[in-house]
Amino acid sequence: MSIKRVLIAAAGRGARLDRPGMPKPLVFVAGLPMIVRTLVQCEEAGIEEAVIVVGYEAPTLVKALTLHPRLTKLKVRFAEAPRWQEEGLVASLLAARPLLQNERFVIAMGDHVFDGKLIERIASERLGDGEVVAMVDANLGDVFDAGAAVKVKQHRGAVLEMGWDVPGFDAVDCGLFACGPEAWGAFEAAYQASPKANIFDAVNRLAPRGLARAVFTDGLPWDDVDTPAALIRTEMRHRKQRREQNVRTITPPEGAASGQRYAFQTGAPATTEVIVGRGIATDGSRLDLGIPARCASSPIFVFTDTTVNRLYGDNFVSALEARGYLVHRIVMEDGEVSKTITNYARLVDHVLEKGIDERSVLVSLGGGAVCNVCGFVASTLYRGIGLIHVPTTLMAQCDAAISHKQALNGARGKNLIGAYYPPMRVVVDVNFLATLEDWLIPDGLAEVVKHALGQDAQYLKDLLAYQGDHRDPDFLEWVVKRNIELKCELMAVDPKEHAAGMVLQYGHNVGHAVEYLSSYDLSHGEAVAIGMMVAARIARLLGGCDDELVELHRQVIAKYNLPTTIPAYMRIPDIIDAMRYDKKFLTEGVRMALVATPGALWQVDGDYAIPVPDDVLVPALEATMEPA
């Protein structure tokens with residue numbers, strides 16, 4: 001007959017994972033608080049009553065679990081461990097003794113996440129007189145942070161010893177036990193020996209008498225969610241499991257022939273040359289775009305916007321024509337209004353009407369919007385023709401042009417349509433920055449701050465220490481060059497931003513959402529600055545960074561005249577809805593690049609896309625909202 005009672009230990013404090021108003025057992029994993037998940041699994045396993053031992057934030061736990069809508073049959077009672085701060089786990093377990101009396105019971109740790117089959121297995125164990133059964137995992141290579149786990153030495157299922165330091169251990173404790181009423185005597189004896197006794201101290205009293213037995217997980221997953229890294233790893237595992245469960249394996253009919261397989265490989269690594277200097281594009285006599293000789297007789301198209309055309313268009317085009325090139329100039333509206341499918345279609349028709357060939361080159365002369373539109377047109381005409389960027393804004397020189405990403409905005413968000421397509425050359429003339437409107441300086445510095453926070457701690461220190469004019473040409477040349485150096489490092493190893501290159505996405509998940517919701521009244525840099533502030537608070541709530549790093553974000557963002565709050569007119573549900581169209585969003589939820597320490601992203605097992613549950617996202621957004 002299966003065991004019908006469960007004792008859940010949830011009295012302690014998880015300092016690294018506790019959040020305001022949310023003790024660790026209530027932290028969500030895959031859409032449910034950890035302890036609720038365990039209780040639901042216990043109910044599904046046929047357990048009829050749960051006794052939960054509470055201590056830290058006891059009223060919060062009791063309120064959250066009393067009459068919880070997911071628990072339809074399970075009777076839930078509570079026992080309080082009054083000295084949970086001074087005493088150990090055994091003392092907490094003994095607090096439940098009056099409620100369990102002479103019943104057999106399962107013990108489950110309130111900060112663990114189990115596969116439901118493990119709870120079914122431990123609840124179905126047949127207990128000998130006075131016996132305690134421990135669920136253990138002998139697949140040590142699969143155990144996350146096995147060094148911090150309770151070790152177990154066993155022989156043919158008989159537990160010989162448990163503890164933090166067990167020489168020759170061959171398994172670890174999973175946080176599940178099956179006990180008969182006789183176990184209370186061992187718990188009491190362990191407590192009398194030391195009020196700080198752990199459960200393994202009681203098990204070690206039974207082991208010499210042959211009353212401690214092990215059952216094995218046999219590869220079924222479980223998690224001890226004791227650290228931020230463990231929490232993220234657990235969330236990743238559950239999201240992966242949900243993805244894979246959606247696909248069914250279909251067995252082909254017997255005798256059906258499998259298809260013949262082929263494969264092909266194309267392309268060599270693309271190299272983009274980046275040239276940085278002063279006067280190398282603003283001075284027509286020095287202009288050298290590096291157009292290949294094979295393209296000399298093909299039409300060249302210069303894409304620009306109305307502002308840049310007024311300031312530099314004639315001299316730039318004349319300098320190219322003086323070298324003998326056939327040049328067509330295309331002038332777009334300033335800003336994001338040009339990054340539309342409608343405008344793209346119009347531009348493509350215009351270029352085709354003027355006439356191109358497969359060796360034509362498109363040149364972007366302008367800011368990020370011009371780079372993006374020109375780049376996407378180049379990537380699609382004739383399935384790809386030559387592309388050269390000449391960025392004229394700080395944002396484009398530090399970020400947009402130093403990239404393979406070419407994009408248009410969609411009806412539901414920013415940069416939803418695009419391609420990875422490499423320019424042949426990028427010519428960066430910092431003299432262009434002298435004519436920028438004032439608001440475009442902090443706009444570009446947002447990407448500078450992004451690289452410093454996520455990639456280079458010394459860069460961050462230097463930015464915080466700088467006391468000069470933000471328009472000083474020497475300062476601007478320094479940040480442009482340093483940003484290009486940092487970005488080139490990332491582009492060389494992770495051009496599509498799947499790993500370390502995710503620093504390029506830092507602040508952009510929320511940033512793109514608020515930029516879109518502002519109808520692009522917020523500049524891209526302003527939106528990314530807000531997004532970085534939210535990301536810092538998310539990392540703090542998840543336990544991935546400390547309060548000092550959040551404050552560091554606020555200081556450096558504010559220092560460079562960028563906003564640190566979400567405009568009060570925006571609604572959090574709208575922001576979350578817009579984030580569903582971010583490229584790092586999966587069906588299972590939001591994922592973000594997050595900073596762990598100054599100059600370094602948070603990564604778990606080499607994965608830099610940290611899952612962010614809504615119960616963390618919402619309070620981070622709330623804390624960043626501008627007061628109404």
Side-chain angles (χ1 to χ4, degrees), residues 3-13 25 35 38 42 47-56 58 61-62 75-112 122-123 125-136 149-154 158-166 172-215 224:
I3 299 172
K4 300 300 182 183
R5 306 288 182 270
V6 62
L7 190 172
I8 298 184
R13 182 178 184 186
I35 195 168
T38 299
C42 287
I47 291 174
E48 298 172 354
E49 182 179 7
V51 176
I52 302 171
V53 181
V54 296
Y56 174 69
L61 273 166
V62 172
K75 180 181 179 181
V76 179
R77 295 199 287 173
F78 300 92
E80 187 160 0
R83 297 174 59 82
W84 64 269
Q85 288 179 292
E86 296 85 22
E87 298 181 332
L89 176 57
V90 163
S92 293
L93 299 178
L94 286 168
R97 185 174 187 176
L99 298 179
L100 291 168
Q101 296 292 333
N102 295 318
E103 302 282 350
R104 295 181 304 149
F105 58 96
V106 168
I107 296 175
M109 298 302 142
D111 59 356
H112 283 44
I122 199 74
E125 278 299 312
R126 294 181 178 272
L127 291 170
D129 291 342
E131 188 178 51
V132 169
V133 176
M135 180 71 71
V136 303
V150 172
K151 285 81 172 173
V152 180
K153 187 174 183 179
Q154 57 82 36
V159 174
L160 305 178
E161 185 182 1
M162 293 180 70
W164 297 119
D165 185 13
V166 177
V172 296
D173 151 47
C174 300
L176 285 174
F177 298 84
C179 306
E182 301 87 354
W184 293 117
F187 293 157
E188 186 66 46
Y191 176 75
Q192 293 300 326
S194 171
K196 292 186 175 294
N198 201 309
I199 193 169
F200 57 71
D201 295 305
V203 173
N204 288 339
R205 289 175 174 273
L206 299 171
R209 296 153 52 194
L211 296 177
R213 179 162 57 88
V215 293
D224 179 359

Note to self: Determine whether a donor-acceptor pair (N or O, by modelled atom type, separation under 3.5 Å) exists between the side chain of Arg104 and the backbone of Leu127.
What the structure shows: no
If you round to the nearest 0.5 Å, how far is [atom2] of [Y] from [atom1] of [X]?
X	Y	atom1	atom2	value
Lys4	Lys75	NZ	NZ	15.5 Å
Leu99	Phe105	CG	CZ	11.5 Å
Ile107	Arg5	CD1	CZ	15.0 Å
Glu80	Ser92	CD	OG	10.5 Å
Gln85	Arg13	CD	CZ	8.5 Å

Can you name the closest pair of heavy atoms from [X] and [Y] and give their distance?
X	Y	answer
Gln101	Pro98	NE2-O, 2.7 Å
Val172	Val152	C-CG2, 3.9 Å
Tyr191	Val90	CB-CG1, 4.0 Å
Val106	Ala123	CG2-CA, 4.0 Å
Ala10	Ile35	CB-CD1, 3.9 Å
Lys153	Val166	CB-CG1, 3.8 Å

Check: Can you check whether Val133 reaches Ile122 side chain to side chain, under 4.5 Å on heavy atoms?
Finding: yes
Item checked: Side chain proximity check, Trp184 to Leu100, heavy atoms < 4.5 angstrom -> yes
Holding to side chain to side chain donor-acceptor pair (under 3.5 Å), I want the full list of residues that pass it with [X], two or more places apart in sequence or in another chain.
X	answer
Arg213	Glu125, Glu131
Glu48	none
Asp111	Lys24

Note to self: Is there a side-chain contact (heavy atoms from CB on, under 4.5 Å) between Leu89 and Met109? Walk through the geometry before answering.
What the structure shows: CA-CA 10 Å; Leu89 176 57; Met109 298 302 142; 3.8 Å; yes
Checklist line | Any residue meeting ring pair (Phe, Tyr, Trp, His ring centres under 6.0 Å) with Trp84, in chain and number order, not counting sequence neighbours | finding: Tyr56
Indicate every side-chain donor-acceptor pair of residues 192-211 with a distance under 3.5 Å to a residue at least two apart or in another chain.
from: Gln192; atom 1: NE2; to: Glu188; atom 2: OE2; distance (Å): 2.8
from: Ser194; atom 1: OG; to: Lys196; atom 2: N; distance (Å): 3.3
from: Lys196; atom 1: NZ; to: Glu86; atom 2: O; distance (Å): 2.7
from: Asp201; atom 1: OD2; to: Asn198; atom 2: N; distance (Å): 2.7
from: Asn204; atom 1: OD1; to: Met162; atom 2: N; distance (Å): 2.9
from: Asn204; atom 1: ND2; to: Met162; atom 2: O; distance (Å): 2.7
from: Asn204; atom 1: ND2; to: Phe200; atom 2: O; distance (Å): 3.2

Donor-acceptor pairs under 3.5 Å, side chain of residues 175-183 to any protein atom, not counting sequence neighbours: which ones?
none

